[in-house]
*Asks:* 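Supplied in structure tokens, the structure appears directly below.
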There are 2 protein chains.
Amino acid sequence: MELNTTTKISEAVIRRLTDYLRCIRCAGEAGRDMLTSLEISERCGLNASIVRKDLAQFGAYGVKGMGYNVRDLTRQINKILGLDKLKDVVLVGAGHLGTAIIRYPGFADVNFNFIAAFDTDPEKIGKTIGYAKVYPLEELKPFIRKHAIQIVVLTVPSSEAQAIVNDLDPGYVKGVLNFTAVIFPPKQNNMFVHNIDLAKELEVISYCMKNCLSQGS
Amino acid sequence: MELNTTTKISEAVIRRLTDYLRCIRCAGEAGRDMLTSLEISERCGLNASIVRKDLAQFGAYGVKGMGYNVRDLTRQINKILGLDKLKDVVLVGAGHLGTAIIRYPGFADVNFNFIAAFDTDPEKIGKTIGYAKVYPLEELKPFIRKHAIQIVVLTVPSSEAQAIVNDLDPGYVKGVLNFTAVIFPPKQNNMFVHNIDLAKELEVISYCMKNCLSQGS
DNA sequence: TTGTGAAAGTTATAACTTTCACAAATTGAA
DNA sequence: TTCAATTTGTGAAAGTTATAACTTTCACAA
């Protein structure tokens with residue numbers, strides 16, 4: 001079957017694909033080379049038919065009676081999500097969170113490469129976090145131009161977030177990952193902005209606990 | 001109108017409430033004391049009627065012709081989510097990410113209080129991160145019992161995650177916030193587990209960029 | 001070579017969500 | 001006091017998503 005290009009794929013499907021990817025990676029590291037839709041569904045807290053439907057939508061990646069090959073499926077999902085090529089990203093705000101993010105192994109797993117960090121603190125400038133050198137914030141704009149950076153990760157104090165986003169050049173930057181407390185609309189200057197609130201899941205847990213729900217993830 | 005207790009509230013609604021909360025907090029800090037459903041919807045990248053419906057579902061918090069009062073609405077949503085009372089949580093794994101999380105202001109904003117951290121590294125034990133002292137991992141279990149800890153945040157290396165979760169006492173712990181690369185089913189031993197993958201949003205951005213979608217958040 | 005079991009792929013339907021459109025309510029100005 | 005401008009709250013319709021049930025295909029063993 002051909003790769004789907006006509007039907008509109010919802011964001012929910014894409015988010016599930018990232019879960020499948022993570023769960024398949026875990027299973028692969030544990031030495032598995034085949035996984036069934038049922039196993040994937042149980043690990044991800046879903047129904048097995050939605051796993052089959054999601055995957056079948058992009059092409060028939062499974063073997064009937066056997067399941068899905070871990071290595072092949074990883075490659076396929078990576079391709080669907082555009083994770084098959086290494087992407088350079090930069091970080092703005094080299095504080096605790098920024099440092100943790102650069103060192104977070106999950107980014108390298110999906111081919112994201114932090115090539116530089118930017119900060120206003122003279123103490124930090126010139127140091128290295130992971131493989132990324134810390135530059136003064138003024139150099140962000142020329143750096144983006146010079147290296148054709150398409151993705152920026154934002155971990156500055158909330159008060160500085162808006163100014164930095166306003167100043168990004170939409171001719172280069174296509175996506176912004178915003179870890180600050182400010183909430184941005186999904187499109188700013190033609191750039192995709194994704195807001196991440198680390199406390200959000202804890203708020204959801206709080207609600208689940210309060211109401212003794214049986215569902216999560 | 002009375003607070004809804006009969007109809008089932010979906011997780012999607014709860015997640016949106018957390019967005020509203022964050023966006024209302026931003027507006028409040030900017031000096032606003034009233035907000036319309038339209039404004040909230042634009043900041044959150046939604047349709048205005050879904051904002052009204054979500055809020056109306058729990059009670060009529062708005063004033064026709066005027067909008068929603070920032071202070072009242074914050075209090076109401078906090079109450080719905082169970083964020084109106086201070087909750088003690090502990091962190092397991094005092095590395096970069098753990099440190100960043102304890103210091104992340106977003107948790108305090110919603111009344112989560114990190115009272116202790118646990119680690120195996122003798123270098124870290126005895127030190128203090130924020131207001132949390134770092135204890136040896138062996139003391140986690142008795143600490144949870146002694147302080148009746150209901151929520152655990154997990155930022156250990158992936159290889160240790162399963163063992164720690166297995167060892168948590170479901171008599172006390174009701175929720176686990178998992179930042180490791182391991183993916184847990186939503187229920188483990190009767191505890192809610194929420195998996196957070198910091199790379200997930202970047203993967204979604206990757207897909208959006210690859211397919212030039214117009215939608216985000 | 002054939003039969004069997006297992007699990008993918010597919011379809012139809014049920015369940016849920018979002019949107020639209022409008023009545024009701026409130027404020028503030030004339 | 002009335003009128004116009006707003007904006008909430010809500011029922012009905014449209015759209016979307018998930019689920020269950022079914023059909024097909026494959027691998028393996030006899």
Side-chain angles (χ1 to χ4, degrees), chain A residues 1-4 6-17 19-20 23-24 27 32-73 76-77 80 186 213-217, chain B residues 1-4 6-17 19-20 24 27 32-70 72-73 76-77 80 186 213 215 217:
Chain A
M1 201 216 257
E2 277 303 297
L3 208 127
N4 181 321
T6 49
T7 337
K8 201 210 150 203
I9 308 296
S10 78
E11 197 179 311
V13 175
I14 298 307
R15 289 180 182 278
R16 284 197 299 269
L17 287 182
D19 289 339
Y20 304 157
C23 136
I24 294 161
R32 302 290 306 275
D33 49 39
M34 291 297 277
L35 272 181
T36 68
S37 60
L38 185 66
E39 281 179 287
I40 297 174
S41 72
E42 283 168 350
R43 287 162 185 253
C44 295
L46 299 165
N47 177 297
S49 32
I50 206 167
V51 175
R52 291 199 295 275
K53 205 174 181 184
D54 282 346
L55 297 176
Q57 180 170 191
F58 294 98
Y61 302 144
V63 182
K64 290 178 180 175
M66 300 299 283
Y68 299 87
N69 179 283
V70 166
R71 182 193 297 267
D72 291 348
L73 191 55
Q76 296 289 2
I77 298 178
I80 294 166
L213 295 182
S214 53
Q215 179 214 28
S217 190
Chain B
M1 201 216 255
E2 278 302 298
L3 208 126
N4 182 321
T6 48
T7 335
K8 202 208 149 205
I9 308 296
S10 79
E11 197 179 311
V13 176
I14 299 306
R15 288 180 184 279
R16 283 197 299 269
L17 286 183
D19 289 339
Y20 303 159
I24 294 162
R32 302 292 305 275
D33 49 39
M34 291 298 277
L35 273 182
T36 68
S37 60
L38 185 67
E39 281 180 288
I40 297 173
S41 73
E42 282 169 350
R43 287 163 185 253
C44 295
L46 299 165
N47 178 298
S49 51
I50 207 165
V51 175
R52 293 200 295 274
K53 249 214 170 114
D54 283 346
L55 297 175
Q57 181 170 195
F58 294 99
Y61 302 143
V63 181
K64 290 180 181 176
M66 299 299 282
Y68 300 86
N69 179 284
V70 165
D72 291 350
L73 191 54
Q76 295 289 1
I77 298 178
I80 294 165
L213 295 182
Q215 179 214 28
S217 188

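Scope of the values below: all heavy atoms of this structure, side chains included, with no hydrogens, waters or symmetry mates.
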*Asks:* Distances under 3.5 Å between protein N/O atoms and the N/O atoms of nucleotides 22-30 of chain C, please, pair by pair.
*Replies:*
none

*Asks:* Just the rounded figure in Å: distance from C1' of D:dT16 to CG of A:D54.
*Replies:*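 Spelled out: CG on A:D54 to C1' on D:dT16 is 14 Å.
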*Asks:* Any side-chain heavy atom of B:I40 within less than 4.5 Å of one from B:L73?
*Replies:*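 Touching, per the 4.5 Å side-chain cut-off.
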*Asks:* Grab the CZ-C1' distance between A:R15 and D:dT17 for me, whole Å please.
*Replies:*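 For the pair A:R15 CZ and D:dT17 C1', the rounded distance is 16 Å.
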*Asks:* Whole angstrom is fine here: how far is it from CD1 in B:I50 over to C1' in D:dA14?
*Replies:*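 The answer, rounded to whole Å, is 14 Å.
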*Asks:* Give the minimum heavy-atom separation between B:Y20 and B:I50, together with the two atoms involved.
*Replies:*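 For B:Y20 versus B:I50, the nearest heavy atoms are OH-O, 3.9 Å.
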*Asks:* Under a 3.5 Å cut-off for both contacts, is D:dA27 paired Watson-Crick or G-U wobble with anything, and if yes, with which nucleotide?
*Replies:*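 Result: C:dT4.
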*Asks:* A:K53 NZ to D:dA20 P: how many Å, rounded?
*Replies:*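 From A:K53 NZ to D:dA20 P: 12 Å.
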*Asks:* Which pair of heavy atoms, one from A:Y61 and one from A:I80, lies closest together, and at what distance?
*Replies:*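 Heavy atoms only, the tightest pair is OH-CD1, 3.9 Å.
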*Asks:* With no angle test and no hydrogens, is the base of C:dA7 tied to the side chain of A:T36 by a donor-acceptor pair under 3.5 Å?
*Replies:*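 Per atom types, no contact qualifies.
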*Asks:* Quick one: side chain to side chain donor-acceptor pair (under 3.5 Å) partners of B:D33, sequence neighbours excluded?
*Replies:*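 Partners of B:D33 under the side chain to side chain donor-acceptor pair (under 3.5 Å) test: none.
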*Asks:* Find which nucleotide of DNA chain D each of A:S49 and B:Y68 is nearest to by heavy atoms, and output the residue with the more 5' nucleotide.
*Replies:*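 Looking at DNA chain D, the more 5' nearest nucleotide goes with B:Y68.
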*Asks:* What I'd like to find out is whether the side chain of B:F58 reaches to under 4.5 Å of the side chain of B:L17, using heavy atoms alone.
*Replies:*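 Yes, side chains in contact.
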*Asks:* Whole angstrom is fine here: how far is it from CG in B:L38 over to C1' in D:dG9?
*Replies:*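 Going from B:L38 (CG) to D:dG9 (C1'), I get 16 Å.
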*Asks:* Just N and O in the side chain of B:S37: are any of them under 4.0 Å from OP1 or OP2 of D:dT7?
*Replies:*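 No, because none of the side-chain N or O atoms of B:S37 sits under 4.0 Å from OP1 or OP2 of D:dT7.
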*Asks:* From the set D:dT10, D:dT8, D:dT19, return the single nucleotide nearest to any side-chain atom of B:A56.
*Replies:*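 The nucleotide sitting nearest to the side chain is D:dT10.
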*Asks:* Just the rounded figure in Å: distance from P of C:dA8 to CG of A:L73.
*Replies:*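 Taking CG of A:L73 and P of C:dA8, I get 11 Å after rounding.
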*Asks:* So which atom in B:V70 and which in B:R32 form the shortest heavy-atom distance, rounded to 0.1 Å?
*Replies:*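 Heavy atoms only, the tightest pair is CG2-O, 3.7 Å.
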*Asks:* In whole Å, I'd like the distance from the OH atom of A:Y61 to the C1' atom of C:dA7.
*Replies:*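 About 18 Å, once rounded to whole Å.
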*Asks:* If you define the side chain from C-beta out and look only at heavy atoms, does anything of A:L35 sit under 4.5 Å from A:I24?
*Replies:*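 In short, these two side chains touch, coming nearer than 4.5 Å.
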*Asks:* Measure the distance from CG on A:L46 to C1' on D:dT17 and round it to the nearest whole Å.
*Replies:*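 These atoms are roughly 13 Å apart.
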